[in-house]
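Structure first, commentary second.
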Amino acid sequence: GKKAEEAGKKIDEAGKKTEGAGKRSQDAGKRAEEAGRRQQEAGKRTEEAGRKAEEAGKRAEGAGKRIDEAGKKTEGAGRRAKEAGDKAKEAGQKIKQSGDDAKKASLGTGLLNNELSRLKLMFTGLSAVMAAGAMLKFASEIEDGFVGVKRTTGAVGAEFEKLRKEILQLSVDLKGIQIGALQNIAQIGGQLGVPKSELGRFTETVAKASRAMDIADDAAANFLARIQVNMKEPMDNLIRIANVANELGNTTTATANEILEISTRMSGTANVFGLTTAEMIALAAATRHAGEEVEVSSSAWVQVMNRMLTDTKKFAHVAGQDVKQFTETLRTNPIQAIKELAVGLSQLDKFGQAKALEDLELTGVRVGPVLTKLASNLNELDRIMKSANEEWRSGVSVQKEYEASASTLSAALSRLWNSIKVLADSLAGGLLPVLAGAVDGISNLIKAISGYGDTADDSSRALRGQVDEAENL
């Protein structure tokens with residue numbers, strides 16, 4: 001028992017020793033762990049120091065490069081400074097040489113000034129001669145342009161001078177229209193029988209209309225004048241004719257030129273038939289708008305209107321109207337009679353339309369399609385007719401488009417050029433008859449010397465008289 005107790009004590013002591021050893025082993029582990037942590041931190045600090053050392057190396061390398069570049073720039077600056085010095089030296093030598101040259105040149109300054117003065121006088125005289133020549137040329141062009149006007153109008157004396165002044169006044173009032181164009185329009189107006197008292201207004205209206213509608217002056221003058229005469233319209237309505245044609249040219253597929261050409265061709269018959277001018281122009285525009293050619297459109301309507309007047313009964317039947325009623329409509333409102341004919345045709349099929357046209361003796365290739373296309377486009381006819389009547393009453397289509405075309409620099413320069421020519425005419429126009437006489441005198445003198453005219457003395461005296469008169473003017 002004692003031995004067992006002693007053995008127990010020994011075992012207990014051994015346990016205590018073992019527990020102490022475990023504690024010491026645990027403490028040693030903690031110390032080892034702490035040492036490992038400190039070693040890891042030391043490694044991190046070493047790594048960070050390495051990075052910083054590397055960055056410092058790179059900065060040192062960059063600084064070295066910059067120092068190297070600075071050295072190169074310093075070397076380049078030295079070279080440029082040397083080059084600048086060489087150039088400055090060369091410039092100094094050139095300045096010295098220039099001074100020597102200027103000194104030599106000053107010796108000839110007096111002679112040079114004298115020669116320049118002589119040249120100045122010579123060019124001043126030459127400019128005067130050229131200016132006088134230009135004035136005579138412009139005045140001569142204006143005089144030539146009025147020869148045709150005088151021939152077709154028959155105007156002479158004060159009557160011609162009044163017309164001449166009106167046309168020249170228009171040339172300095174209107175923009176974008178040359179004097180020659182105005183003279184051409186007036187000449188055509190005289191040829192077409194426009195009264196001399198109305199030629200000024202006729203010329204202005206046609207000139208504006210031709211610009212607005214983009215039609216040649218002579219074509220516009222011919223179309224408008226013939227329509228006005230054939231439809232027995234007063235001169236005040238000439239602008240209305242142009243307004244309607246221009247407006248329909250803008251709102252249909254027909255051009256103003258086509259509309260006016262068709263209207264001109266059918267105007268004589270349209271007036272007898274009883275259409276108003278606006279209705280006739282609308283009918284022309286609607287037919288061309290439907291796709292018919294100009295010649296076909298005009299000839300077709302001439303035939304239709306003539307046939308309606310001579311065979312009213314058949315047309316009334318096709319229109320589905322009582323003969324008496326249709327005849328009254330044809331007399332009082334002829335455009336409505338045409339619409340009723342188109343309505344009657346539109347209610348037939350293609351075979352019925354062909355039979356109706358055959359009965360009306362309108363089976364030609366120029367006539368039938370015009371009526372059948374009109375029958376299938378009645379709404380367009382009404383629209384075009386309404387637009388034409390509104391433009392006739394209160395339209396300003398031509399004036400608006402002329403003002404737009406006159407707002408350009410080109411148009412302003414054209415009027416300036418006209419003003420210069422008119423000034424030349426006022427200054428040199430009076431000389432032209434005298435100069436013409438002097439030229440004739442020279443011709444007569446040459447003839448006399450050649451033995452084909454009067455004596456040289458007579459020709460010389462006549463020429464001296466012409467020259468004296470020119471000198472006085």
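Note that the structure is predicted; figures quoted are calculated from it, not measured.
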Donor-acceptor pairs are to be reported for all side-chain atoms of residues 167-176 against protein atoms at under 3.5 Å, with residues two or more places apart or in another chain.
from   : atom 1 : to     : atom 2 : distance (Å)
Gln169 : NE2    : Asp173 : OD1    : 3.2
Gln169 : NE2    : Asp173 : OD2    : 3.2
Ser171 : OG     : Leu168 : O      : 2.5

Only pairs under 3.5 Å count here: list side-chain donor-acceptor contacts from residues 182-195, not counting sequence neighbours, and write none if there are none.
from   : atom 1 : to     : atom 2 : distance (Å)
Gln183 : NE2    : Ile142 : O      : 3.1

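Residue pairs meeting the ring pair (Phe, Tyr, Trp, His ring centres under 6.0 Å) criterion with at least one member in residues 369-424, sequence neighbours excluded, are Phe138-Trp417. Annotation: salt bridge (charged side-chain N to carboxylate O under 4.0 Å, His left out) contacts involving residues 219-240, sequence neighbours excluded, comprise Arg201-Asp236. Residue pairs meeting the side-chain hydrogen bond (donor to acceptor under 3.5 Å, both in side chains) criterion with at least one member in residues 333-352, sequence neighbours excluded: Lys339-Asp382. Applying the salt bridge (charged side-chain N to carboxylate O under 4.0 Å, His left out) test to residues at least two apart or on different chains, none of the pairs has a partner in residues 177-187. Residue pairs meeting the salt bridge (charged side-chain N to carboxylate O under 4.0 Å, His left out) criterion with at least one partner in residues 241-259, sequence neighbours excluded, are Glu258-Arg288. Within the structure, salt bridge (charged side-chain N to carboxylate O under 4.0 Å, His left out) contacts touching residues 179-195 (residues at least two apart or in different chains) do not occur.
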As a quick check of understanding, evaluate side chain to side chain donor-acceptor pair (under 3.5 Å) for Ser397 and Asn243, giving each step before the final call.
CA-CA 5 Å; Ser397 178; Asn243 279 333; 5.1 Å; no

Stepwise salt bridge (charged side-chain N to carboxylate O under 4.0 Å, His left out) test for Asp322 and Lys313
CA-CA 9 Å; Asp322 176 73; Lys313 183 177 179 179; over 6 Å; no

Are Val302 and Asn306 close enough, and set up right, to give a side-chain contact (heavy atoms from CB on, under 4.5 Å), and what steps lead you there?
CA-CA 6 Å; Val302 168; Asn306 283 330; 3.6 Å; yes

Please determine whether side-chain contact (heavy atoms from CB on, under 4.5 Å) holds for the pair Ile281 and Ile241, giving the CA-CA distance in whole Å, both sets of side-chain angles, and the decisive distance to 0.1 Å.
CA-CA 8 Å; Ile281 297 173; Ile241 298 171; 4.0 Å; yes

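Looking at every heavy atom in both residues, Ala221 comes nearest to Phe202 through O-CZ, 3.9 Å. Taking each heavy atom of Ile338 and Leu283 in turn, the nearest pair found is CD1-CD2, 4.1 Å. Across Gly268 and Asn230, no two heavy atoms sit closer than the pair N-CB, 4.1 Å. Of all non-hydrogen atoms in Asn389 and Ala278, the two that sit nearest each other are OD1-CB, 3.6 Å. Residue Leu275 comes nearest to Glu279 through the heavy atom pair CA-OE1, 3.7 Å, listed as atom of the first residue, atom of the second, then distance.
Surrounding CG of Asp214 are at most 12 heavy atoms belonging to other residues, nucleotides or ligands under 6.0 Å away.
Proximity of a side-chain donor or acceptor of Ser387 to a complementary backbone N or O of Arg383 within less than 3.5 Å is not detected. Ser267 places a side-chain N or O within donor-acceptor distance of the main-chain N or O of Thr264, the cut-off being under 3.5 Å. In terms of modelled atom types and a separation under 3.5 Å, the side chain of Asp217 and the main chain of Ser210 share no donor-acceptor contact. Looking at Arg307, its side chain does come within 3.5 Å of a backbone N or O of Leu360 through a donor-acceptor pair.
In this structure Arg415 satisfies the side-chain hydrogen bond (donor to acceptor under 3.5 Å, both in side chains) test with no other residue, sequence neighbours excluded. For Thr203, there are no side-chain hydrogen bond (donor to acceptor under 3.5 Å, both in side chains) partners two or more places apart in sequence or in a different chain. Remark: Lys355 engages Asp359 in a salt bridge (charged side-chain N to carboxylate O under 4.0 Å, His left out) (not counting sequence neighbours). Residues passing the salt bridge (charged side-chain N to carboxylate O under 4.0 Å, His left out) test with Glu261 are Arg265, sequence neighbours excluded.
One finds the CD atom of Glu198 at 10.0 Å from the OG1 atom of Thr205 (value rounded to the nearest 0.5 Å). Rounding to the nearest 0.5 Å gives a distance of 13.5 Å between OG of Ser405 and NZ of Lys400. One finds the CD atom of Glu159 at 11.5 Å from the CD atom of Glu161 (value rounded to the nearest 0.5 Å).
For the 3.5 Å distance criterion, the side chains of Asn250 and Glu401 qualify, holding a donor opposite an acceptor.
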